[in-house]
Amino acid sequence: GSAVAVKVSNATQADPQTGLNRADLIYEEPSHDIGSVSRFLAVFHSRNVDKVGAVRSARTSDPPLLLPLGRPVLAYAGANPKTQWIVDVRQGQGWFQQARENHSGASAFIRQNSTEHGLFVSRNRLQDEFGAVTSPPKQQFSFLKEGQTNAGSQPASRVDLQVAGTKSGFIWDDNSRMWLRFQYGRPHVNNENGAQIGRSSVIVLTTRYQGSFADYRSLEAVTFPMAGESSASGQAWVLTGNTVTQGTWRRNSDGSLFDLKDTNGNPIGLQPGPVYVGLVSAPPTIT
């Protein structure tokens, strides 16, 4: 079926989050200014999830990340007027189906309390409600065959990065064969069972940060070609298995996949499993 993308808070009041660990793909992007916390765009496709949150508002950097997903569902907690305008326009163009509290898809939302971090959503209910008007995603990345590694890869055990004002990191764990996430100086865990969030692959991409047209004080990560540009691009670090491969990323349009190449121009592949993508303004530290 279709993918379901949920805007999830990364404020300290929302940590630990619910259901984030079961996302197939997690984008971490700026939310407000450079010193503010980041926000997640969590994409669910292969696994059932009854409760995800805390759900927060959409940003103008979201639609270009959604278009490559076929026609997914976007679940969010509202938006300022200009952001809502672009969300409505892109839905009308067939980019995605929006769902928000007290509007379309309202039955899938769960209001746990009246605070800004009290809203949750059921991925399963959204899939049931909008399955007929959405479409499945295509494969988002290239994946390696069993026993295969990337040309030019090097051993790696840890990566530290910063998205807007949020510092986080991943440490390779031999037992689980996953990159385990840390933030705020402690393990980043799932609220329901306390298990640490892990990813098979961690992708860190340098992007331009600029003020959103909807609110210049809110930064957006530019992953799409601007007016007059033929493509968007930046540096890339791909950690998959216990290796890192450095290279570049490129997208030629809003609907393009991230084209990941190493420094010699070879495609970069991932080990099968869930993926994290951090959209940063400065290179990570890798050891």
Side-chain angles (χ1 to χ4, degrees), residues 3 5 23-31 34 38-43 59-70 72 95 137-144 148-154 156 159-164 166 168-170 179 181 199-210 212 219-241 243-286:
D24 294 279
L25 172 60
I26 298 173
Y27 286 106
E28 186 176 6
E29 56 187 339
S31 176
I34 194 66
S38 60
R39 190 163 293 176
F40 297 116
L41 180 66
V43 181
R59 290 290 183 265
T60 54
S61 53
D62 297 330
L65 298 174
L66 294 167
L67 183 57
L69 291 167
W95 286 27
K138 52 190 171 185
Q139 185 172 300
Q140 299 295 292
F141 302 100
S142 297
F143 289 93
L144 299 168
Q148 186 180 11
T149 58
N150 287 303
S153 63
Q154 299 292 325
V159 56
D160 292 279
L161 63 141
Q162 182 170 335
V163 177
T166 299
S168 65
F170 292 82
W179 290 91
R181 182 176 166 86
R199 304 278 95 183
S200 295
S201 298
V202 172
I203 303 173
V204 184
L205 307 177
T206 57
T207 67
R208 183 192 319 167
Y209 280 9
Q210 67 176 19
S212 166
L219 295 176
E220 63 179 7
V222 181
T223 62
F224 48 92
M226 301 291 290
E229 296 178 341
S230 59
S231 64
S233 61
Q235 294 177 283
W237 292 263
V238 178
L239 297 104
T240 190
T243 69
V244 59
T245 305
Q246 186 172 350
T248 60
W249 68 269
R250 182 175 300 276
R251 293 182 76 206
N252 296 327
S253 68
D254 289 333
S256 298
L257 300 175
F258 284 98
D259 183 20
L260 302 172
K261 298 284 181 63
D262 68 17
T263 53
N264 292 317
N266 300 307
I268 302 175
L270 310 181
Q271 298 291 341
V275 178
Y276 163 91
V277 179
L279 305 177
V280 302
S281 59
T285 300
I286 298 173

Would the distance check show the side chain of E29 and the main-chain N or O of Y27 forming a donor-acceptor pair, the cut-off being under 3.5 Å? no

What's the separation between atom CG in L161 and atom OG in S281, rounded to the nearest 0.5 Å? 10.5 Å

Go through T240 and Q271 one step at a time and tell me if the side-chain hydrogen bond (donor to acceptor under 3.5 Å, both in side chains) criterion holds. CA-CA 6 Å; T240 190; Q271 298 291 341; 5.0 Å; no

Output yes when a side-chain donor or acceptor of T207 lies under 3.5 Å from a complementary backbone atom of A221, and no otherwise. no

Between Y276 (side chain) and E28 (backbone), is there a donor-acceptor pair under 3.5 Å? no

Apply side-chain contact (heavy atoms from CB on, under 4.5 Å) to residues D254 and W95 and explain how you reach the verdict. CA-CA 10 Å; D254 289 333; W95 286 27; 3.4 Å; yes

Do R251's NZ or CZ and the ring of F258 fall within the cation-pi criteria of under 6.0 Å and 45°? yes

4.5 Å side-chain heavy-atom contact, L69 and L67: no

Given side chains that start at C-beta, do those of R250 and K261 come closer than 4.5 Å, heavy atoms only? no

Straight-line distance of W237 CH2 to I268 CD1, nearest 0.5 Å: 11.0 Å

As an exercise, state the distance from CD1 of I203 to CD1 of I26, rounded to the nearest 0.5 Å. 12.0 Å

Counting N and O atoms only, with roles assigned by atom type, does the side chain of N150 sit under 3.5 Å from a partner on the main chain of S153, one being a donor and the other an acceptor? no

Would you sort out whether V275 and F141 count as a side-chain contact (heavy atoms from CB on, under 4.5 Å), showing the intermediate values? CA-CA 10 Å; V275 178; F141 302 100; 4.0 Å; yes

Under 4.0 Å between a side-chain nitrogen and a carboxylate oxygen: does that hold for R39 and E220? no

Do T223 and L279 pass the side-chain contact (heavy atoms from CB on, under 4.5 Å) test, and can you show the C-alpha distance, the side-chain angles, and the key distance before you say yes or no? CA-CA 9 Å; T223 62; L279 305 177; 4.0 Å; yes

Backbone of V159 reached by a side-chain donor or acceptor of W179 within 3.5 Å: no

Taking N264 for the side chain and N266 for the main chain, is one N or O donor matched with an acceptor at less than 3.5 Å? no

Does the R208 side chain pair with the main chain of V222, one donor and one acceptor, at a distance under 3.5 Å? no

Hey, does V163 have a side-chain heavy atom less than 4.5 Å from the side chain of Y209? yes

Run V238 and L260 through side-chain contact (heavy atoms from CB on, under 4.5 Å) and show every step you take. CA-CA 9 Å; V238 178; L260 302 172; 4.1 Å; yes

Does any non-hydrogen side-chain atom of L41 lie less than 4.5 Å from one of L66? yes

